[in-house]
Number of protein chains: 2
Amino acid sequence: VPLLAWLERSVSWSSEALLNLILLEPREIANDGAVSLSGPRAEHIIQVLRARPGDTVRVGVVDGGVGAGRVTTVTDRTVDLQCELEVAIPPRPAVDLLMAVPRPKVMRRLWAQIAALGVGQIILTNASRVERNYFDTHVLSETCYRPLLIEGLQQARDTRVPTVFIRRQLKVLVEDELDALFGPGLRVTAHPGIGQPLSETIRARAGQRVLVAIGPEGGWTPFELDLLAAHGFQTADAGPRALRSDTACVAILSLAHEALRAGSPSVE
Amino acid sequence: VPLLAWLERSVSWSSEALLNLILLEPREIANDGAVSLSGPRAEHIIQVLRARPGDTVRVGVVDGGVGAGRVTTVTDRTVDLQCELEVAIPPRPAVDLLMAVPRPKVMRRLWAQIAALGVGQIILTNASRVERNYFDTHVLSETCYRPLLIEGLQQARDTRVPTVFIRRQLKVLVEDELDALFGPGLRVTAHPGIGQPLSETIRARAGQRVLVAIGPEGGWTPFELDLLAAHGFQTADAGPRALRSDTACVAILSLAHEALRAGSPSVE
């Protein structure tokens with residue numbers, strides 16, 4: 001089937017978001033598996049995948065299973081699919097992110113990348129060196145970030161939408177809420193050039209969830225570092241070079257996943 | 001010295017490019033070490049570092065050593081420094097990048113990030129799935145990319161400007177030029193989910209230079225993959241998730257450096 005071959009090939013790096021998986025909301029799927037699409041996903045199936053009736057596209061349900069959608073009808077602007085979904089749900093990524101809110105332009109770029117790299121939850125927080133107006137921005141509203149998270153999941157073929165928590169008080173978050181949000185597992189503060197290598201630190205604790213903390217522009221204050229240390233965060237070295245926070249975020253999530261894979265007994 | 005303390009602290013993740021190092025062109029430095037700056041670097045020293053005469057800023061020479069610049073004079077828009085530079089030159093990063101030209105918007109964002117992550121050379125190439133007009137863009141001109149590379153180096157405190165090669169024929173590049181450009185060392189084509197893990201592949205060959213190939217949107221064609229394989233490229237798995245090419249580029253360079261560090265006998 002040429003379309004499936006295309007889909008396999010398309011699991012590759014791409015400059016623009018590819019819909020390697022068409023993600024559906026549960027309410028969009030009828031009891032018999034029928035789905036009627038219009039909008040960007042239909043346009044993608046029509047214009048990029050060039051699907052014809054009888055072709056199959058890869059589908060998934062938000063926070064549910066993945067499967068195949070057989071194209072039954074195509075018009076100029078709509079596509080009907082008949083979907084069969086696996087019962088198994090992809091596991092939630094084992095990495096969580098605690099990040100001081102970066103400037104809005106940076107945060108807008110990061111949402112899809114974070115979802116594509118895979119995190120279970122995104123905890124955004126205030127910090128001394130975060131500017132107050134970073135919180136009063138559309139970029140932190142669910143109407144803005146949810147479509148970007150979905151875009152990242154469709155790129156990476158995942159269905160698990162990261163949970164997002166936004167907190168204006170780091171101290172309250174760390175002292176009163178974090179144990180409930182994260183619980184047991186490895187907590188690390190990533191720094192350039194300080195501490196044991198991040199990958200070694202995570203490998204040594206593979207099998208546990210990992211929460212990685214990334215500070216604001218200019219870094220955490222000594223008070224904030226003490227607060228994090230007092231609540232179980234180890235300092236780990238993510239390499240000798242000082243990176244912009246968006247580059248650092250992608251680099252650190254990538255290192256964390258690779259270290260979990262390498263440290264896991266179930267790795268091939 | 002408060003300023004030096006600030007400089008140390010500032011080696012941290014930041015949302016905007018920080019000048020963690022003020023990079024100077026050799027021609028800007030008088031024989032006695034005196035430097036007169038105006039423009040963005042002077043503005044940074046005046047407005048962000050708030051340096052006063054007698055303070056010291058961290059400086060480096062493009063493709064040369066790093067050192068200290070003592071501020072001798074500050075005006076509204078100019079700064080004079082008296083520089084002392086180390087003779088030793090930072091080593092060239094041991095990772096090289098061969099990348100199919102991504103779309104201009106993506107490439108513009110990547111230049112500084114690639115330089116900050118650290119590569120010895122950036123070889124940009126055509127490929128079947130690269131659109132022809134990607135080559136006819138200002139983003140591939142040295143007047144555009146050199147300042148972005150310098151920005152990334154100043155962020156990461158490096159002085160070694162990556163060498164840039166841009167080639168319109170992948171076959172000619174790989175068959176006739178690559179041995180001279182790269183020579184011995186590990187050549188890998190990074191793919192999601194195919195081959196041995198990238199980090200293991202690189203660890204096993206630590207001590208050698210690494211050339212990482214990243215394909216275009218939609219991937220390399222089978223012909224291109226065969227061509228790369230015939231010229232020594234191993235396929236390596238950079239994780240199970242399909243990423244956008246800019247995310248993949250940052251993730252893969254980060255993994256490559258970490259694997260070299262972990263595999264190196266000189267690691268702490």
Side-chain angles (χ1 to χ4, degrees), chain A residues 9-18 20 100 102-103 105-107 109 112-113 116-118 152 155-158 190-193 196-200 214-220 237-255 257-259 261-262 267-268, chain B residues 9-18 20 100 102-103 105-107 109 112-113 116-118 152 155-158 190-193 196-200 214-220 237-255 257-259 261-262 267-268:
Chain A
R9 169 174 76 67
S10 75
V11 178
S12 175
W13 322 118
S14 62
S15 326
E16 285 291 292
L18 274 182
N20 288 318
R103 63 185 62 206
K105 193 178 76 174
V106 172
M107 193 66 229
R109 273 207 301 268
Q113 296 191 86
L117 288 158
Q155 167 75 42
R157 281 197 181 166
D158 193 4
H191 269 283
Q196 288 295 107
L198 179 64
S199 57
E200 304 297 317
I214 299 181
E217 174 175 5
W220 303 106
D237 176 9
R241 300 170 77 98
L243 302 171
R244 258 170 28 199
S245 63
D246 54 341
T247 313
C249 182
V250 171
I252 288 167
L253 291 178
S254 164
L255 291 182
H257 276 291
E258 179 71 8
R261 283 208 306 157
V267 80
E268 307 90 337
Chain B
R9 169 173 76 66
S10 75
V11 178
S12 176
W13 321 117
S14 61
S15 323
E16 285 292 291
L18 274 182
N20 289 317
R103 63 185 64 206
K105 192 178 76 175
V106 172
M107 192 65 230
R109 274 208 300 268
Q113 296 191 86
L117 288 158
Q155 167 76 43
R157 282 198 181 167
D158 194 2
H191 270 284
Q196 288 295 108
L198 179 64
S199 57
E200 304 297 318
I214 299 180
E217 174 175 6
W220 302 107
D237 176 9
R241 300 170 78 97
L243 302 172
R244 257 170 30 198
S245 63
D246 54 340
T247 313
C249 182
V250 171
I252 288 166
L253 290 179
S254 164
L255 292 182
H257 276 290
E258 179 71 7
R261 281 209 307 159
V267 80
E268 307 90 337

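Residue numbers start from 1 in every chain, and the chains themselves are labelled A, B, ... in the order their sequence lines are given, proteins ahead of strands.
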Item to check | Proximal component of A:Ala259, with respect to chain B [non-hydrogen, under 4.5 Å] | outcome: neither
Checklist entry - Looking at B:Arg261 and A:Pro197, what are the two nearest heavy atoms and their distance? => result NH2-CB, 4.1 Å
Next on the checklist: With a 4.5 Å cut-off on side-chain heavy atoms, are A:His257 and B:Pro240 touching?
Outcome noted: no
Item to check | Portion of A:Leu253 that has a non-hydrogen atom of chain B nearer than 4.5 angstrom | outcome: neither
Checklist entry - What are the two closest heavy atoms between B:Gln155 and A:Arg244, and how far apart are they? => result NE2-N, 3.6 Å
Next on the checklist: Less than 4.5 Å to any heavy atom of chain A: does that hold for the side chain of B:Ala112, its backbone, both, or neither?
Outcome noted: side chain
Checklist entry - Minimum heavy-atom separation for B:Val250 to A:Ala251, with atom names? => result CG1-N, 4.1 Å
Checklist outcome for this item: When every non-hydrogen atom of B:Ala242 is compared with those of A:Asn20, the smallest separation belongs to CB-ND2, 3.5 Å
Item to check | Short N-O contact, B:Arg109 and A:Asp246, less than 4.0 angstrom | outcome: no
Checklist entry - Once you round to the nearest 0.5 Å, how far does CG of B:Asp237 lie from CD of A:Glu258? => result 7.5 Å
Checklist entry - Which pair of heavy atoms, one from A:Arg241 and one from B:Asp158, lies closest together, and at what distance? => result NH2-OD2, 3.0 Å
